[in-house]
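First comes the structure, then the notes that go with it.
FYI, side chains are in, hydrogens and waters are out, and symmetry mates aren't considered; it's all heavy atoms of this structure. Protein chains get the first letters and strands the later ones, always in sequence-line order, with residue 1 at the start of each.
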Amino acid sequence: MSDRKVRVRFAPSPTGPLHMGGVRTALYNYLFAKKLGGDFILRIEDTDQTRFVPGAEDYIRESLEWCGMVPDEGQGYGGEFGPYKQSERKPMYRQYADQLVESGHAYYAFDTSEELTKMRELAKKAGTANWQYNNVTRSHMKNSLTLSEEEVNKRIADGEAYVIRIKLPRNEEVKFEDIIRGWVSVNTNNIDDKVLFKSDGMPTYHLANIVDDHLMNISHVIRGEEWLPSAPLHILLYRYFGWEESRPQFAHLPLLLKPDGNGKLSKRDGDRLGFPVFPLQWTNPEDGESSSGYKQKGFFSEAFVNMLAFLGWNPGTEQEIFSMDELIESFSLERVNKAGAKYDHDKTKWYNQQYLRAKTDAELSDLLGKEAAAAGYENLDASFLARVANLMKERAYFIKDMLEEGDYFFKRPEEYDAKTLKKKWNVDSRLHVEKLQTLFGATDDFGIENLETIFKTYLEENELGFGKVGPGFRLAVTGKGMGPSMFEICSILGKKETLERMQIALDKLPV
RNA sequence: GGCCCAUUCGUCUAUCGGUUAGGACGCCAGGUUUUCAUCCUGGAAAGAGGAGUUCGACUCUCCUAUGGGCUGCCA
């Protein structure tokens with residue numbers, strides 16, 4: 001067991017866009033595999049044909065790739081254990097269900113969904129909270145345990161619909177050791193006879209999962225906590241198939257919770273609180289409704305991944321910024337927390353800010369250029385972009401902040417900040433702008449230091465405070481009441497542009 | 001209702017029997033800054049409750065409370 005090759009799988013079902021909780025599950029699988037030199041496999045679990053959503057499968061791959069988690073094998077990536085999509089593996093499952101029937105661990109059941117629903121409703125009315133198809137009730141139902149062999153064969157021959165259910169033993173403790181949670185124990189009396197094989201010829205999750213994990217030689221199953229209650233059932237299946245020797249180890253991850261209140265993070269919470277719950281933007285093919293994604297919101301995938309990694313795991317040191325390689329190096333399932341973690345969007349933004357600052361001016365220049373081009377400002381000079389980025393990066397969380405807060409680098413002011421205009425623009429400030437226009441016009445050195453010297457000399461000679469001249473000057477050139485150093489701004493804009501803007505302001509802003 | 005899992009500052013978390021219970025986000029205050037942001041300094045802020053075990057429990061055990069998950073021919 002210990003020297004077995006590590007092979008983990010991420011097995012989402014393509015019922016919609018992968019949400020961030022799913023991405024985190026994938027991430028922990030990926031980190032674990034890479035840390036141990038193992039394989040990370042993508043398997044598509046589409047056994048429920050009624051919930052298929054077009055585009056979801058591609059979305060899953062695109063999301064994983066955006067995050068830098070490229071599967072070693074799996075659906076869309078090839079590999080020796082294919083196919084990696086359960087609907088394409090359909091012919092393989094029946095024999096395993098039959099094997100269980102033959103060994104007495106499963107049976108045919110002819111009760112229809114409608115009958116079962118009715119049964120549950122009746123039980124509810126009678127005051128029983130929950131009716132289950134289990135080792136007690138099955139003796140009153142229509143199945144191969146209650147019907148004669150003849151009857152069963154006849155029904156099957158007549159084409160009557162049936163399912164195959166697992167036959168759970170009575171009053172048996174099923175125990176297993178979860179890597180994250182330790183020993184977990186459940187009595188079989190509390191589990192129902194789950195359907196393994198559906199009447200539509202497809203296996204349920206429970207069967208397909210165990211069969212595929214076995215056939216694909218999966219060494220560790222790392223999945224969400226919502227699977228913990230059915231883990232004992234899975235343990236039993238491995239036992240009944242005689243696969244206990246090669247049974248994968250389980251690790252059940254804590255859930256991602258909504259920021260306020262309690263409960264699992266859902267799409268609605270994102271809409272309500274204003275943050276994405278999906279890595280990439282997604283448009284529902286049914287109604288055309290679209291949901292925002294971290295990528296489109298301007299998050300760096302490294303920041304997104306770093307944040308997700310820390311939601312439920314930490315390295316035990318005080319370092320918080322980790323590249324994917326560093327995460328791989330430090331990761332261990334033993335340090336994954338047991339309790340659910342609430343998502344904190346402020347922290348996510350903080351991570352993005354950290355990654356933004358860590359980028360070089362050249363990288364920033366490139367990124368800003370693309371963002372600017374998308375906004376209609378094309379073919380900008382790289383050194384100009386680099387200077388803007390360098391100046392704006394300390395006050396930005398996203399690349400687009402530079403573009404929005406520093407819009408004056410890309411276009412002349414179209415309007416002037418009303419508050420500053422009202423409070424700071426008067427006969428005096430107008431005069432100062434005129435004077436500065438003359439003084440700046442007289443120099444050809446538009447370096448930051450020279451501009452500052454000229455400005456300060458003007459202040460000194462006229463015994464003026466910065467506050468008397470600065471705001472009006474800023475307003476004239478940028479249209480704003482706040483921002484970074486005016487000398488740097490003017491230096492970047494250049495002499496001609498700066499002077500023209502001052503003139504425009506003087507023309508447009510009478511007192 | 002039943003079963004399972006969980007419980008340290010508002011949030012993410014460190015602590016693996018002995019600590020002034022540490023860090024980060026956010027928040028507050030002060031400083032730097034012409035302004036805003038950044039940055040720097042400081043501050044408020046936590047072991048759900050109750051029993052044990054122990055010389056000593058946040059840490060181990062049990063009970064209670066609270067929260068979550070599951071309870072489908074969904075995954």
Say we look at [N] and [M]: how far apart would their [atom1] atoms be, to the nearest angstrom?
{"N": "B/U64", "M": "B/G10", "atom1": "P", "answer": "27 Å"}
{"N": "B/C58", "M": "B/G49", "atom1": "C1'", "answer": "14 Å"}
{"N": "B/A44", "M": "B/A24", "atom1": "P", "answer": "15 Å"}
{"N": "B/A45", "M": "B/C9", "atom1": "C1'", "answer": "5 Å"}
{"N": "B/G22", "M": "B/U38", "atom1": "P", "answer": "26 Å"}
{"N": "B/G43", "M": "B/A48", "atom1": "C1'", "answer": "26 Å"}
{"N": "B/C73", "M": "B/C16", "atom1": "C1'", "answer": "46 Å"}
{"N": "B/G1", "M": "B/U54", "atom1": "P", "answer": "37 Å"}

**Report entry** Along RNA chain B (nearest heavy atom to each residue), the more 5'-positioned of A/Y397 and A/P254
**Finding:** A/P254
Proximal nucleotide (of [options]) relative to the [X] side chain:
{"X": "A/N190", "options": "B/C4, B/G72, B/C3", "answer": "B/C3"}
{"X": "A/D344", "options": "B/U11, B/A75, B/C5", "answer": "B/U11"}
{"X": "A/N314", "options": "B/U13, B/C73, B/U15", "answer": "B/U13"}
{"X": "A/L228", "options": "B/C5, B/C3, B/U34", "answer": "B/C5"}

Requested in this report: Confirm from the modelled atom types if A/S199 and B/C73 form a donor-acceptor pair under 3.5 Å, side chain to base only.
Outcome: yes
Within the pair [X] and [N], is there a side-chain N or O less than 4.0 Å away from OP1 or OP2?
{"X": "A/R474", "N": "B/U34", "answer": "no"}
{"X": "A/R357", "N": "B/U38", "answer": "no"}
{"X": "A/K198", "N": "B/A75", "answer": "yes"}
{"X": "A/N130", "N": "B/C3", "answer": "no"}

**Report entry** Watson-Crick or G-U wobble partner of B/U15, both distances under 3.5 Å
**Finding:** none
Query raised in the report: Does B/A65 pair with anything, Watson-Crick or G-U wobble, both distances under 3.5 Å, and if so, with which nucleotide?
Result: B/U7
**Report entry** Ring geometry between A/Y458 and A/H432 (parallel below 30°, tilted from 30 to 60°, perpendicular above 60°)
**Finding:** perpendicular
Query raised in the report: Looking at A/F299, is A/K297 sitting on its ring face, NZ or CZ under 6.0 Å from the six-membered ring centre and within 45 degrees of the normal?
Result: no
Query raised in the report: Which whole-number value in Å describes the distance from A/R395 CZ to B/U35 P?
Result: 12 Å
Report task. Would you tell me whether A/N450 and A/T453 have side-chain atoms, one donor and one acceptor, within less than 3.5 Å of each other? Result -> no
Query raised in the report: Is there side-chain contact between A/H105 and A/L236, with heavy atoms separated by less than 4.5 Å?
Result: no
